[in-house]
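First the structure, in the form of structure tokens, and then the observations on it.
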Amino acid sequence: MDVMESAYDPQRVEAEWYERWEAAGVFRPEHNPDGEPFTVVIPPPNVTGSLHMGHALNHTIHDVLVRRKRMQGFAALWLPGTDHAGIATQNVVERELAAEGMTRHDLGREEFVDQVWEWKRKSGGRITRQIRRMGMSTDWSRERFTMDDGLSTAVRRVFVDLYDQGLIYRGDRIINWCPRCHTALSEIEVEHEEETGELVHIRYPFSDGSGHVEVATTRAETMLGDTGVAVHPDDGRYRDVVGTTVTLPLVGREIPIVADDAVDPEFGTGAVKVTPAHDPTDFEIGERHDLESISIFDESAVVNEAGGRFAGLDRYAARRAVKEALEAEGLLVGVDEHTHSVGHCYRCGTVVEPWLSLQWFVEVQPLVGPAIEAVRTGDIRFVPSRWENSYFHWMENLRDWTISRQIWWGHRIPAWYCDDCDHVTVAMEDPTECGACGGGSLTQDPDVLDTWFSSALWPFSTLGWPTDTEDYARHYPNDILITGFDIIYFWVARMIKMGLHFPGRKPFSDVIIHGLVRASDGQKMSKSLGNVIDPLDVAEEHGADPLRLALIQAAAPGQDVPFQIEWVEAARRFGNKLWNAVRFGLNHVSDVPAEGGYPEDPGPEARWILSRLAEVTDEVDALLDEYRFSDAYGRLYNFAWSEVFDWYLELAKAPIRDGDDGAHAQTVGVVLRDLLKLFHPVVPYVTEELWSHLVGDGLLAGARWPEPPRHDAPEGFDVFRDLVVKVRRFRAEHGLSPRHPLEIEIADPDGVASPWWSVQFASLADVEPVFVDAVPERTGWTRLVSGSVQAFVSLEGIVDVDAERERLRKAIADVEGQLAASQKKLANESFTTRAPAEIVQKERDKLAEFEARLDKLRTQLDELGGPGD
RNA sequence: GGGCGCUUAGCUCAGCGGGAGAGCGCUGCCUUCACACGGCAGAGGUCACUGGUUCGAUCCCAGUAGCGCCCACCA
């Protein structure tokens, strides 16, 4: 006999199965060579990263879907990989260099990039090891990295094609610049936060000395780069000064007053200083009025020579100095407190600077239409669908995408400039001569591409595109995409655009959006708050399976999950329960087959649990098909615990022990086996371990999803169960211990509570009932009623009659209340005429039942006699 | 300024047009031969508020309040 420890030990159970699964190749789609493909790609975590709770939730959802599909016979592929995470990774390596007092410039580009690769070789495996530790069924033979040769080819193909199509261009634009990372950022890489700042009012004197105009700014230092003042064209206050000039204080530049619709006459004085090089709106005003753009900052946001005597000060020092200087000249009118939103770099938190510079852009408009259409028509579906609105809104207001980054780690832009004629060559192969003049002196653009450029290609680049590989043919489009709402814009929207434009087909059909895992108090987990819980720590202490089950049960569609360790503890206790249920099973059955094996002729109890198993399997399947994971596994959890363990296993004990086995041992075996299968997608380790004991044939990870046979539930089981509960409650209410002997006679005129159950009744209620035909006429007995069945309990020597009277009065009051409600409802004519017939009938049945029950309870109270009646 | 979400048992959250649910916590009883990481029986909710639709609303609609998130060229 197979020996099992009496307690579930997650650490021990989770030690070895992963290697066995991998060695057996079950995670590869080839495991089901004839199956229909089912494909999902992991949202590639940053190669610098470490697994956090968000990954744990995201990956668990993936694994539940993928493992189930695999068990259903699909050629399931979950493709894993990592993202090179340009800025983030470069920052990590630069920090290491800084610790040695060096910068990347000390190394030079080539050596620095080599060093990042070295770092990646050394540390990049951490997160993939963590994914394995969590039991995720990813196909590691197909692991990809966004800077692999193949993916780099895809990136280059896309860049070259978009360039040739005129959808990638280079130009001077105001972009968001991080003065710490020294690179451009796209719009969505800037995080805006409301901050209390200042609104500085400044006088700009008219050049002819006839007075001044007052402007207001939150960034006084930018006045050093002002090249104009703008007012609204219809603003009567300034009608006469439009076209004249003011003299810029501290600088002395004569700058024009222009009229422009972008000015809000209601704000401040209605006159705005214009700094085209350092504000996007001002840039546009400048373009319209042909104003000069004067950049006053260097790449670190330190004032440059254009700032005259302020040169060398960083932006904040310059702000103070400029204000002081203005004050000294009597041109500072005042400073008000002012709340406005300030942009920060999403990688390092530094306040970003709008900066005029030469960058590469993707013109997104031509890509947007089909991407909107695909979701509009339902070809691509968001779950929950409310995210579609955000998607539409974002797509409809998209501006061109800044794709160049002034860092070294990433896909280098495949553009070469001719040193002789300035012609730009963009090509798949590194050119050796200029496409225009034939000159041999070419310089490659130093910039690399936005990390998200390569992520956008992930659903097809990972499968071999642009080469027409077997994997690409078989697994593109992917079926689903699972991610948090926080990267819908960064990633999902761009994959849809690129997928539709390049492979020419949608990248996936269903986009499943889940919430964020938060701290138990609902706050975001963050290092600065010190409330981060590491999933690996949880896995070490409580097990990966319990963590997975806890996350799945907590994750209602699209809702955030406040993480509570108590859920994990509860999930571990469930594992222990399952463990011991199988241990019980092993005492009585052996050779449980991997499939089938359902008893041909089950008795009523077995038929009951088998009918429930079939029903619950159907419900779980339906819920999982709708991606309602928490509902599905909540349902299954309750079924397993409160029906299989608490009732069926208890019911089966007596007949098995008495040798009057019937089909019980067999049923126990198959029901437990099917539970292992149903639970396997969420808790793969413990179910695999238990499978090895109970079934021992092959791997559960490669087994077939259950399809239990349909049975009609035997009549009267609920009546029987209710009666057992009432007997137990009777004892509890009278302060009797659970096994206190009772003398009971059961009248079952309709034969509902089959005498076959007498053994069960004895076993579960700890009494030996006598079945009687007629309702006995006795005093000193009370009755417990369930449907048409009545159990007469002798009160002799065991019960305080007053207590029993009290119990009955409570029961009567309770039923009277329900009865009254029911009567009222049925007395309402509009209810009986308008409500569906079945609802009305149900109500009538209820009423009849209440009346019968009340009648019996009253009779009983009479039988007890005594005061007050 | 626009949009979205949340408000249900002491706590954290599911549910969602026809008799209020889970986990944890709480009360009482029980070391019964799978499990004390357990069993049995309980207590505990005017389902934020106000209107409306409906035979019927925790669930649909409108509004109010509080909390949270996203978006917006908020000089």
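Each chain gets a letter, A, B and so on, in the order its sequence line appears, and its residues count up from 1. Note that the structure is a prediction, hence the values are computed from the model and not measured.
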Just to be sure I understand the rule, does [X] reach a base, reach only the sugar-phosphate, or reach nothing, if contact means heavy atoms closer than 4.0 Å?
{"X": "A:Pro280", "answer": "nothing"}
{"X": "A:Phe629", "answer": "nothing"}
{"X": "A:Val561", "answer": "nothing"}
{"X": "A:Ala271", "answer": "base"}
{"X": "A:His393", "answer": "sugar-phosphate"}
{"X": "A:Glu194", "answer": "base"}
{"X": "A:Pro836", "answer": "base"}
{"X": "A:Ala835", "answer": "base"}
{"X": "A:Ser390", "answer": "nothing"}
{"X": "A:Trp641", "answer": "sugar-phosphate"}
{"X": "A:Arg572", "answer": "base"}
{"X": "A:Thr339", "answer": "base"}

Taking the [atom1] atom of each, how far is [N] from [M], in whole Å?
{"N": "B:rC11", "M": "B:rG25", "atom1": "P", "value": "16 Å"}
{"N": "B:rC37", "M": "B:rG19", "atom1": "C1'", "value": "35 Å"}
{"N": "B:rC70", "M": "B:rG18", "atom1": "C1'", "value": "37 Å"}

Among residues 630-638 of chain A, which residues get a heavy atom nearer than 4.0 Å to RNA chain B?
A:Asp631

Below 4.0 angstrom, which residues in residues 516-524 of chain A have at least one non-hydrogen atom near RNA chain B?
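Within residues 516-524 of chain A, no residue comes under 4.0 Å of RNA chain B.
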
Among residues at least two apart in sequence or on other chains, which ones pass ring-ring contact (aromatic ring centres under 6.0 Å, His included) with [X]?
{"X": "A:His393", "result": "none"}
{"X": "A:Tyr648", "result": "A:His664"}
{"X": "A:Phe639", "result": "none"}
{"X": "A:Tyr637", "result": "A:Phe574, A:Trp641"}

Looking at A:Arg728, I'd like to know whether one of its side-chain N or O atoms comes within less than 4.0 Å of OP1 or OP2 on B:rA41.
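Indeed, a polar side-chain atom of A:Arg728 lies that close.
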
Quiz question: going by heavy-atom distance under 3.5 Å, is there a donor-acceptor pair between the base of B:rC29 and the side chain of A:Ser737?
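Between B:rC29 and A:Ser737, which were checked side chain against base, a qualifying N/O pair under 3.5 Å is absent.
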
Output field dot_bracket for RNA chain B (Watson-Crick or G-U, both distances under 3.5 Å, | for other-strand pairs) contains (((((((..((((....[..)))).(((((.......))))).....(((((..]....))))))))))))....

Set of side-chain hydrogen bond (donor to acceptor under 3.5 Å, both in side chains) partners for A:Ser786, sequence neighbours left out
A:Asp722

For A:His289, what residues pass the side-chain hydrogen bond (donor to acceptor under 3.5 Å, both in side chains) criterion, not counting sequence neighbours?
A:Asp260

Any donor and acceptor pair, going by atom type alone, linking the side chain of A:Asp545 with main-chain N or O of A:Val686 inside 3.5 Å?
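Side chain of A:Asp545 to backbone of A:Val686, a donor-acceptor pair under 3.5 Å: yes, one is there.
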
Restricting to nitrogen or oxygen on both sides, can you table the protein-nucleotides 31-35 of chain B pairs closer than 3.5 Å?
| unit_1 | atom_1 | unit_2 | atom_2 | d |
| --- | --- | --- | --- | --- |
| B:rU32 | O4' | A:Arg739 | NH1 | 3.2 |
| B:rA34 | O3' | A:Arg583 | NH2 | 3.2 |
| B:rA34 | O2' | A:Asn580 | OD1 | 2.5 |
| B:rA34 | O2' | A:Arg583 | NE | 3.2 |
| B:rA34 | O2' | A:Arg583 | NH2 | 2.9 |
| B:rA34 | N7 | A:Lys653 | NZ | 3.1 |
| B:rA34 | N6 | A:Phe645 | O | 3.4 |
| B:rA34 | N6 | A:Glu650 | OE2 | 2.9 |
| B:rA34 | N3 | A:Asn580 | O | 3.0 |
| B:rA34 | N3 | A:Ala581 | N | 3.3 |
| B:rC35 | O4' | A:Asn580 | OD1 | 3.0 |
| B:rC35 | O4' | A:Asn580 | ND2 | 3.4 |
| B:rC35 | O2' | A:Asn576 | OD1 | 3.1 |
| B:rC35 | O2 | A:Lys577 | NZ | 2.8 |
| B:rC35 | N3 | A:Lys577 | NZ | 2.7 |

Got a sec, which pairs hit salt bridge (Lys or Arg N to Asp or Glu O under 4.0 Å) with one end in residues 835-845 of chain A, sequence neighbours left out?
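Sorted pair list: A:Lys825-A:Glu843, A:Glu843-A:Lys846.
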
Does anything in residues 638-650 of chain A form a salt bridge (Lys or Arg N to Asp or Glu O under 4.0 Å)? List the pairs, not counting sequence neighbours.
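Of all non-adjacent pairs touching residues 638-650 of chain A, those that pass salt bridge (Lys or Arg N to Asp or Glu O under 4.0 Å) are A:Arg612-A:Glu643, A:Glu650-A:Lys653.
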
Please determine whether a side-chain nitrogen of the Lys or Arg among A:Glu569 and A:Arg573 lies less than 4.0 Å from a carboxylate oxygen of the Asp or Glu.
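Looking at A:Glu569 and A:Arg573, the cut-off is not met.
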
Rounded distance in Å - CZ (A:Arg573) to P (B:rG38):
6 Å

Rounded to the Å, how far apart are A:Lys846 NZ and B:rG18 C1'?
8 Å

